[in-house]
Every structure is written in structure tokens, then in C-alpha cells.
Amino acid sequence: MPLDVQEGSVEAGLDALDTPVDTTEGSRVRRIAARVLPPIGAVVVLVAIWQALWAAAFWPEFKLPAPAAVWSQIWQLVTSGDIAELFWVSVHRAVIGFAISLLIAVPLGLAIANLTVVRRGIGPLVSGLQSLPSVAWVPAAILWFGLNDRAIYWVVLLGAVPSIANGLVSGLDQVPPILPRVGKALGAGRFGGIRYILLPAALPGFLGGLKQGWAFSWRSLMAAELIATSPELGEGLGQYLHNGMSLSDISMVFAGIVLIFVVGVGIELLVFRPLENTVLKARGLGPAR
Amino acid sequence: MPLDVQEGSVEAGLDALDTPVDTTEGSRVRRIAARVLPPIGAVVVLVAIWQALWAAAFWPEFKLPAPAAVWSQIWQLVTSGDIAELFWVSVHRAVIGFAISLLIAVPLGLAIANLTVVRRGIGPLVSGLQSLPSVAWVPAAILWFGLNDRAIYWVVLLGAVPSIANGLVSGLDQVPPILPRVGKALGAGRFGGIRYILLPAALPGFLGGLKQGWAFSWRSLMAAELIATSPELGEGLGQYLHNGMSLSDISMVFAGIVLIFVVGVGIELLVFRPLENTVLKARGLGPAR
Amino acid sequence: MTATIDTLPDVLSPVRFHQVGKTFGTGRKSVVALDGVDLEVEPGEFVCLLGASGCGKTTLLNLVAGLDHPTAGRIELNSSRPAVVFQEAALMPWLTAAGNVELPLRMAGVPKAQRRAKAAELLELVRLAGLGDKRPHELSGGMRQRVALARALASTTDSTGDAGDKPSLLLMDEPFSALDAITRDVLQGELLRIWRATGTAILFVTHDVREAVRLGQRVVLLSSRPGRVVQQWDVEDAPDAAAVTDEINTALRKVISSHAA
Amino acid sequence: MTATIDTLPDVLSPVRFHQVGKTFGTGRKSVVALDGVDLEVEPGEFVCLLGASGCGKTTLLNLVAGLDHPTAGRIELNSSRPAVVFQEAALMPWLTAAGNVELPLRMAGVPKAQRRAKAAELLELVRLAGLGDKRPHELSGGMRQRVALARALASTTDSTGDAGDKPSLLLMDEPFSALDAITRDVLQGELLRIWRATGTAILFVTHDVREAVRLGQRVVLLSSRPGRVVQQWDVEDAPDAAAVTDEINTALRKVISSHAA
Amino acid sequence: SRAGGSDDTAAASSDKGPATELRLGYFPNVTHAAALVGLGKGLFTKDLGSTKLVPTKFNAGPEEVGALLGGSLDAGFIGSGPAINAYAKSNGEAVRLIAGATSGGAQLVVKPTITKPEDLIGKTVVTPQLGNTQDVSLKKWLAGKNLTGKVKVTNLENAQTLDAFKKGDVDAAWLPEPWSSRLVLDAGAKVLVDEASLWPDGKFPTTVLIVRTQFLQEHPETVKALLSGLLAAIDYSSANTADAKAVVNDQLKQATGKALKPAVIDRAFKNIQITADPIASTFPQLAKDQVTAGIAKQAPVVAGFADLGPLNDVLSKAGKPTVDAAGLDSK
Ligand SMILES: Nc1ncnc2c1ncn2[C@@H]1O[C@H](COP(=O)(O)OP(=O)(O)OP(=O)(O)O)[C@@H](O)[C@H]1O
Ligand SMILES: Nc1ncnc2c1ncn2[C@@H]1O[C@H](COP(=O)(O)OP(=O)(O)OP(=O)(O)O)[C@@H](O)[C@H]1O
Ligand SMILES: [Mg+2]
Ligand SMILES: [Mg+2]
């Protein structure tokens, strides 16, 4: 039997994943569905397992709350409108902290990647900073800046800057050397080479670093919020989780974790995923290979 | 005057960084020195600034301890031999946690990168997990596993696995598509393609992910140790820092931060830096461009 | 095209195209690379593919290799997995030259010692003896192309085992373009020797009409945008090679200028 | 070589090699790519470089372009920044074809509208009109090579401003290797036209002896391992092109086989 | 500069009149009942007049100390252990003890199977935080019973201790109210030691009020207003205990979202004594206990810690007996 590549080849299953989804007229809805349904499906499966575990009373209630109990906690936040404040306080802090981190981290990363002295001198220190847990900084930050937003931003910066800078450095290190050479031959000076060649070439790796940097700044923020609680600071998600812990209210703890998680996934899906897809697609690097 | 490229070109300064250091016979010592001196120099500069700030009494002593006071804390740990236990407890935990994370994260990352359904379903969840601060997991982990190493490893896993998996995915996404195509044409099946093409091709990006993963697992461990203190757990660096915080002893807090940092930098310099240099050099990607 | 099954020949062709079309993208920005291509390669036949730059030769080879799928028509593949020499060398940057040549053997599970020997032999064949431990970035453009050639040859030789009696097929996309005249001469000779010895069918893309006439039994000319088979020459039995070369050159010129018009 | 300064000609040569050597690596694994190369390109001269695969042609071009540094001898560069067509197209994957052509103009600070027009014009010149918005991965091998050519031409045309009265220089590493005969013919013609119009000096690497003879005023033959200048032919004033071609071919064959022996 | 050597914080400032704002730290805990009643009944604000009161909730002493030292907090209710640490670790600069708030209210509660100190050998005992009041007490007590090193002492947040005790991970805990009561009533624990039995007259400072030295010097009026509010709260608590319990429970509910069971709050209140007397005489002993407990290498210097002048002013103005600084007010 002749082997029909289009229909029956051994690798057809694998290849199906390769083939870009044809974007015909009516398929917009279907495309969005294909993007949105799987994570929802995954969540549904997770919740189902959770419900089953809970129903089997495998663990006592104070160890594993009922999904319904957690949901009612969240629902209560939604109906009371408190959830808007929680989100607003935390997300706007994280965004500001991330933005400041970017401003510091990009020049730092460029310096590390391009100047051997800086790389050898500062590089390991930056990586070392990355391995310091944010919680370790909170007490010092409160001592130095007081119980206010400056202390929180300080913690976020110490978390995010090394991560973004390192991401940029590793992106730059992987740039095929032919590209900066070509750039130089085309007349790129030091600045032009960075602006027009190195930065765009390192973009895919840099985006990965940004994603990690965002994760770090969000984590650091949550850690800071978990520890530094004060009415002046407003109540963010971290503080909400903290309250749950100090009440040993496991359903509140879970609700807090779920909300923090939702923001994490949300930012990932709404900001970084599309960004990354655009960048990768434009260079013919497929996300699904 | 003729422009002599070797000596006087405009880009000579930049080029000097490009030129690989010639490795002549007697230069081994000098090469190691060139690698070791800059970070030491950077540290010396940092300490000098610190000492100057302290001497200027810019902040009161309880906000910024004297470098000498911190040093005497560390020296005390060294002379009493306690430092060996601190390092051993923390580092061996981190290594074990990291190793387990690797075992889980690599298949997970491969699945996410290669299977569209998994990518769409689980991918965002994994990224979301990454944005949950480790501290948030500590209370739940203690509740589920009790105050023991299992709780600590659980926290470390939740920190490191998503990070390593994501690093691998972003490494895989950046593999030039020609390489897996070539692999397929050379007869790589699904498994062979992963083993012989995708994994090695993604290695530089993956190494970056590993480094971040290590940072995450070390941070998570420290966060866990900071919160979960128990004699059964042995005293690690996190617990030492925690004790400093509890006693409001700023010089002890600083000593703890310095020690955690030293381990971070040490692992970076001893493990990941040489690994990365080897990998990049073998493919003609220079670390210093 | 339903008639194909009835007229099935005794010996199966390694590859047969039935009105194959390939369009990249959709909507206004789509590019029709191939359109209604009917092409058959006989077992053991050496076919050369000519055409203007960008006419769809690489696309056609990718379709045969199963690296891409036609958007219209049908490809009947009846060979063992075709070996491919890509237009770019596309060596694995983390492997040495020898490592690259060994790669298909490794994936086929050939034992180490045998692999080593085979790789050394193939590198010698492409005049790169002793350069096996160089990394791709330490090789010149032509050297890389020769390593890629050796690698493709390694991947054909291994496939004899698992393919059974299916005819084998070698796809080559401008494999000699970066070589000097003399090295090219030598390698052309080697290629012909291997072809005769193994009886593998070869689909060979080139821009050099004289090369096509020298190597091929049949020369196929593709038109540009969309790529269609315009004309074919049986050059093996042609009495006067120079005359055929001129004829093909004229046809090629016509195809290209007709597109430009 | 101290005599150079005394005999300084009225018009400075764009580039002059003084016993240039280039060795990659150190110790036992080192490769001597070039050794004692003396070469001078006159202002406005068209020099073709021939040699076996891996003999050091690309290395030589890199030295002229300042992308690499000689390990021995001295290079006197007296031109504005040379424009380079690399052996691989090496297009920036994040830019469209037009974006790649515009890149040198952008880096030179040419205003947008002017850049656009120039890029369109150059793409037209390399027969890629209308394909400016394609990404490198959507182009065929030959198309990519032509985009790289257009980009290099863009980078020469801009350098007239800042370089003042220094002679300009164009380095080309097998720029036509992936093109069909007809497109190559057309582009060879265009290249000659540009050369005559601008008076730029060109150092052109090729494997095709006939191309070298057709285009160049002088053909330089390099030997292999180490690369040395073996022989030079003044082909512009040669009465019989075919005879010179044969002569060069013979010399090339001798160089290569002497190395192989 | 550092070379001068003098503590400039203490020397520099002088009276600047009432502060515009008073940032007050407290824990949502029954041992902070005076603070909770004062806040709940508006007794602090009444006396503070134009000074704005900003109450800030904390869960652990070191954090509150950090906020005080970092200048984010002006005064705070806090356990005696962290208070001593704050004073000692800032070289006697940063804070002053100005009043007490609660005495008593800490117990060692154990699993019912444990009936005598020796039964604790090999078991795990929890205290809220390293170096806090209960931690020092436990370790000192263990040292006295020759059990140091034979019992595992762990620090755990109070809420987690309850869970861990329920789960059986923890065998005993030395806790402040209401947690000792919660363990007894919710988790079936038994009392092995009531800390009150270890001190003369059963009196020892559980919660005290400290203030930043600089704030004290700059705004003595405000500090006095705070102290008179505190006295009002203490008076209210002893006069209307039932209502005070309700107020405390209400405050707990506000601060943490959950009220305590009436039985728990009743039992907790029985074990504490709300008083403005910091019981200064015990501080040298408490400092020495840190050494006994192995927390410090040498006893922290507590001389000069207390500044009970403002308190005694307020007390005598109200016609009440003054409290004794027991020599703690001078270096
Ligand atoms: N991935 C792609 N996306 C969009 N268009 C593509 C893609 N690959 C190829 N094309 C287009 O298809 C046409 C044929 O390309 P192909 O690479 O097959 O040409 P070719 O005959 O190999 O040319 P050359 O001799 O220059 O290598 C070209 O017009 C090209 O732009
Ligand atoms: N980065 C490098 N490291 C080590 N060796 C190198 C490096 N670059 C080139 N070489 C070696 O130098 C020699 C000359 O290489 P070059 O690229 O100049 O050859 P070429 O004349 O351009 O050949 P081709 O015609 O095949 O492109 C080769 O032997 C090559 O292996
Ligand atoms: Mg092609
Ligand atoms: Mg070359």
C-alpha cells in the first residue's frame, strides 16, 4: 500500500501539531475557544480531583477545605466588592515595581553581557542576589524605609532586577555571533549594535527573562505583603492570605492562594503569552513544535 | 594616515572585548586571576561603601550594622564550627530538592513544549504556580505533611519545578525550526528527535532555566526554613536568619543574608558558570560579546 | 487521478506526485509555491530539478521528505525514508563534524565502533579526512556543506536495514553550490559512483545546467509562481550534451523572462 | 616592508595586506588559515578571489572588514567602512526583507521616507520587487541571498556621506552561489553597472572561474592550508577569455591536488 | 559621624508639642486586651484630641520592633521579651518602656498523657517565637527542671500550633492567651504549668507599652494622652469585665474576621490581669533569664529602659498610686 503522507504517515499525529491552524473566515471563535478551553478544562479536572479527595474525606476538613467553601470565600469577596481593592492594590504595586525593575535591569543586563569586567565582577553578585529569598529582605526593608510602599518596592526590586538582568544576559549570550558581526559590517556602532542588533536578536530569550522577572516581582510582592501588614499599606492579596493564615482559616488560605494564582495566570495569558507568540511567530519559531 | 585596523580603529576598544584571550603557556594563573579578581574587587568595593556609610553614621547602628560586627558574627560561626552544619543542612536539602525537581520538571517541560493540548491546558497553570510565593505554601505544607523535611521539599518543589519546566519550554521554543526538520529527515522518531535534537539544541536556553530553577529552589528553601523552624529539621541558614530576625539582632540578620548570598554566588560560580561557558563555547557562542 | 491504482506498475516508484499544490499562508498574502505538479521518479532514477530562484524546488523536496504537506493533490511515497541534503548545511552546532555525520547512525542504533568507522569513511569521501573533531563554526561554508552531504549519505546507508525491499531515495538541494570547481568535480564523480553502486533514486536540485546534464538521466524544469513542471529532457540518451545544455538554458531563460514580463 | 611608506602612491589603495597571517586556535589544534599574504586592491579595482573550499577566502574578507584580526603582519585599510555580502545570507530574522535592506540606512540615520524608497529600489534591482514584507523564513535560499546583496548595497550607498574622499570598498563572499543561471546573469550585469557608476573597489570571492573572468579585472588564486597568494592574472586585458579560464582552471586543479597529495 | 560615639538619637530632640499623628502597634490577642478595649471604646482617641491615632496590627514581636526601629511606628503594645531585645539591640537608644498592659496569661499546655515535667522528655514543645516572652519562660523553666536538650523546642505561629496540636505533631505548647485556652477548650489540652505560679505574687509582665525614644522626647504631651487613654481602658475593663470581653471579642473579629468562642474568652480573661504597672522589678530577672534560656550570651542591659515619669504623672493626676521603676529608669 502506498504510504500517503497526507493521511497515514507514522508521524501524522506529531505533524498535526506542527501544522498551523488554518485561519478561515468563521474560525475566529473556534481559535479563541481552542486557546481558552484547554486551561479551563485543566482547571475543571483539578477541581474535580480536589472535590473527590475532599468527598472521600481523605484528609480532615481543616487540612483540605471543600472547593465549595473556598468558592464561597471568593464569592463573598466578589459580592462585597472587596476583591477589586485586593486586586488593585496588589496588581498596581506589582506593575509599578516591575516597571522600575525593567528600567534598572535592562542597562544592568546590557553592561553585564557586553563588558567582560562587569560580567566577571557584578555578574555573580547579581546571580547571588537572585538566590536570596524576598522574605529575607522584608525585615531589613521595614527597618530602612519604614512600613510603607517604599519598603515593598525595595523588596520587589531586589527580587525582579537580578532575574530580568540575568534573563537578558542569557538571551544575549545565545545570539548567533554572525548577527552582531553582520551588524558591525553594516555600520553599527556600539550603541547602534545594541539597539538594532543585540536587543532584537535577544528578544525571545529576553522575553523568557521578563516572564521570570514578572514571576519574581509578583512573588516578592506577595512575600512582602504577607509580612508587612499595615492599614497604611492598604490590603492586597498577600495581606488577605496573611489574615487567612493568622486565623488558621484554611478555606481563606486557599482562597488567597487561588486569587494570587489567578492573577499569575491572568497576566501570563493576557500579557506574556500573546507577546511571546507574536515575537516567535514573526521569526518563524513556532510555539508548538 | 592609513587606518591600521590592528591598532587604531574606532572600534578597537569594543573589539578588544571580542578577542578571545590567548591561552599561552604560563597564563593559567593569570586566567584564573582574571576570573576570580573582579568579583572579589566588586565585593571589596561594596564593603568599602558599606563601611563608609556606617562610619558616616548615616543610619543608626541598629539599622546598618558595622561590617566588623557582621564579620564577627560570621567568624564566631566559623570558629564554633556551626557554619558547617548550617551549610550542610541547607545545601544538601537544596540539592536534593533541586534534583527531584529536575526529574519532575524535564518531562513536564517536554510535554508542554511538544503537545499543544498540554501547552494550552497546563502551560498557564505552571506559569501561574511560578508566581505563587513560596511562603504562601509553607503553612499549607506544614498542615499537610507536618513539621518535617517532606514539608520543606514540597515547598521547594512547588518553587523549582515550574521554573525549570518553563525554562526548558522557552529554550525549546527558540530552537531554530530547521534543526528538528533536519532531525526528522535523518530518521529521528518522536523519542529520538527529543533525545538527539531538541534537548541538545535547547540546552543553552535550558541552562538559563536551570540557573533560574536553582535560584528558585534555593529561595524557596530559605523561605521554608525561615518559617518552619524545628529542632527536628536541623538548623539551616534560613533558620539562622530567622533567629536573627526574632532577636531583632541586625548584625545576625546581615550575617545570615551574607551567608545565603555566599552560597548563591558559590553555586553559581562553581557549578553553573563553568557549565554554561562550556556549552556556549562548544557552539561558538561567546559569553563575552 | 483515480486511474493510478489500475495502472500500478510492477516496481513501485519511490515517489509520485498527483496534481500536487502547495500554498503558503491564506488570504491576500498567500503564496502559491507549487500548482498541479505531476512528477514521478522511477526506482534508481537520477532526476535533476531546475528552475528560477524561488520557484518552489525546495518546497517540492520538503513535500517529498514529509517535512511539509501539500495543500492540494496527493503524494504517493513508496520508498524508505528519503535522505535529505538541505540547501543550508543546517549542522547541529553542538556536535563536531564527525558527530553530525554519526547522528543518523546513532538514531538508527548503530553501535559506536561501526559508527565511528562509517563517519570517518564518509568524511574521507567528501575530502574532509582529519577534520572530524572540528565544530561547525570552525568550518568554512564549503566544508559545512560537505559535512551535510556526508551526513545525508550516512542516513541512506543505514536505512537499508529497516526499509526491506522498498526503493531508497536521496533528495539533494544544491549540495555543491558552495564548492570550488575541482572539489565539485570530485564529489560529482563520487555521487555517480554511489548512485550506480546502490541503485538509489536521486532527486537533485541545482542551478547549474551543465551539472544537471552531466549527472541526471532526466532534467525537469519548473516554472516560477506558481511552480509547475514546464518541460522535461531525457539527457542520458541525448547524443550531444552541449546541445541539450543550450536547449535547457534557452527554456530556462524563457520561463524566467515570461514570469518577469 | 618598511618601504611601503616611501612608495606611497598618489591615490591610496583601499586595502593593502603586508605579510598577513591568520591562525585559529593555539597549540596542536591550531589551524593556519592564512600565511604571508601580500595583496593590494587599487581604488576602483574589481578583484576576484579564487581558491579551494576552506582555503581562507572568507577569513581574508573578514580581516578586511575588521571583523577579525590578523595574528601576523599588518593590514592597511584606507577606505570608508567596507560593505560586506556574507557567505550565508545572515538576515536578521525579526525584520522583513525590506527591513533588512533598510537596516544599514537606519543605523546611518537616513530619514524614513528616503529609506523606504531606497530599499524598494534595491529590492527591485535584485528582482525581489513586491516581496519586501516577507520574513526571512518565508523566502527561498536564493531570495535570501539577494536580500543580503541588496542590504550590502544599501550599506555602501549610505557611506558616501561620512567617508569623505576615501575610496569605498565592497566585499562579496560568493554572492551569487544560490542563484539560477539567468538571475545570476542579470545580477552580474547589475553589479558591473554599479561598479562602473560608483567607482567602488570590489573584492569578490567566487568558485566559478568563468564568473571570475567575466567580472574581474584581476583574478587572485589562493592556495590551501595555509592560504597563500599563488598566482594572479590580469584578465581585463586578456585577449582570449576562454584561454585564461582554462589556464586558471589548470592552476586551480594543480593547487588543490598538490594539497591533497 | 560614628567617631563621636554619643547616642545622638537621645541627645538631639526636645519637646515639639503634641504630635499630629500617633501610630500605635498592637496584636489582635487577648493579652493585648487593654489596647483592644482602648481602641474599641475610642478611649485613646478621646484623650489624644487633635492627634490622629493610627492603629496598626501585628502578629509577631520582631516585626513590631522592626517597625518601631524603622520609624514606622511611634508606640506599641508588645511582649516583654521583644521589648527587651528592641532596647538592647539598639544599644539602649531606640525605645523606652512607658507602661505595662497585661500581667499573667501564659500557660504550658500539654497532651493529657503528659502529667509531669519528665514526661516531656523526647517530646516537642512549641513557643510562638524565638526569644519572645513565652519562649524565654519555657526555656528557663526547662533549664530549672534539668530538661534542656532533652525536650525539643520549636517555634510556630500560634494559629499553626493549634492545628499541629490537633494533628498530634506537637505534644505541648507554652502559649499566651487566648491560645492556651483554645488549646485547652478546642483541642483537649491540659495545663501543666501556669506561668503565674513561677513569679512572686503571680505577677509578671506579659504585655507592655513601649514608645520610640525620639517620639517620647518630642511629644511628651501625646505620650501622656496615650497613657491616660490606657488607664481609662484598664479602668473600663475592670469595671465592666463582661462588656470588655465583648469589646475585645469584637475587636478580634474586626481585626481577624473571626470571634472567639465565649468559653475561650472567659477562660482567657480569668488568667490575665490588666494593669498599667510594667512590674519593672522583674526586668533584670527577665534579662538574666535570656541567658539561662540560652537565647543570649550575656544578659541584655535593661538599665535605663523604663521611663515611667509620664505614667506616674498621669497616675498621680488621677489620684492613683504610682508605680515603681525599680531602678530601671537610670543607666
Ligand atoms: N514558510 C514559508 N512561508 C511563506 N512562503 C514561503 C515559505 N517557504 C517558501 N515560501 C515561498 O515559496 C516560494 C518557493 O520557495 P522555495 O524555497 O521552494 O524556492 P526554491 O525553488 O528552493 O528557490 P531557491 O533556488 O532560491 O532556493 C518562494 O516564493 C517563497 O517565498
Ligand atoms: N572560527 C574558526 N575557528 C577555527 N578554525 C576556523 C575558524 N574559521 C575558519 N576556520 C578554518 O580556517 C580555514 C579557512 O576557512 P574559510 O572560511 O576562510 O574558508 P573559505 O576559503 O571561505 O572556504 P569556502 O569556500 O568553503 O567558504 C578552514 O580550514 C577553517 O576550518
Ligand atoms: Mg531552495
Ligand atoms: Mg567561505
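A note on names: the letters A, B, ... follow the listed sequences, proteins ahead of strands, and every chain is numbered from 1.
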Is it the backbone or the side chain of [X] that comes under 4.5 Å from a heavy atom of chain B, or both, or neither?
| X | answer |
| --- | --- |
| C:E138 | neither |
| C:A90 | both |
| C:P136 | neither |

What closest approach, in Å, do B:P162 and B:V126 show between heavy atoms, and which atom pair accounts for it?
->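 For B:P162 and B:V126, the tightest heavy-atom pair comes out as CB-O, 3.4 Å.
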Can you name the closest pair of heavy atoms from C:A98 and C:A119 and give their distance?
->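 Heavy atoms of C:A98 and C:A119 come nearest at O-CB, 4.2 Å.
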Would you mind checking if C:K118 and C:E121 are paired as a salt bridge, meaning a charged N to carboxylate O distance below 4.0 Å?
->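 Answer for the salt bridge query: yes.
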Under-4.0 Å salt bridge between C:D208 and C:R184 =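 Yes, this pair counts.
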Sort out for me which of B:A201, B:G192, B:P200 touches chain C most, counting heavy-atom pairs under 4.5 Å.
->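 Greatest number of close heavy-atom pairs with chain C: B:P200.
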Taking the side chain as every heavy atom from C-beta outward, state whether C:R16 and C:V41 have any pair of such atoms under 4.5 Å apart.
->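 C:R16 vs C:V41: side chains apart.
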Return each pair, listed once, that meets ring pair (Phe, Tyr, Trp, His ring centres under 6.0 Å) where at least one residue sits in residues 39-61 of chain C; pairs must be two or more places apart or across chains.
->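 Of all non-adjacent pairs touching residues 39-61 of chain C, those that pass ring pair (Phe, Tyr, Trp, His ring centres under 6.0 Å) are C:F46-C:W195, C:F46-C:F204.
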Answer with side chain, backbone, both or neither: which region of B:I197 has an atom nearer than 4.5 Å to a non-hydrogen atom of chain C?
->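 Contact with chain C involves both backbone and side-chain atoms of B:I197.
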Residue B:L179 versus chain C: region with a heavy atom under 4.5 Å |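 Both parts, heavy atoms under 4.5 Å.
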Name the option with the most non-hydrogen atom pairs under 4.5 Å to chain B; the candidates are C:L103, C:V84, C:L95.
->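 Max contact count across the listed options: C:L103.
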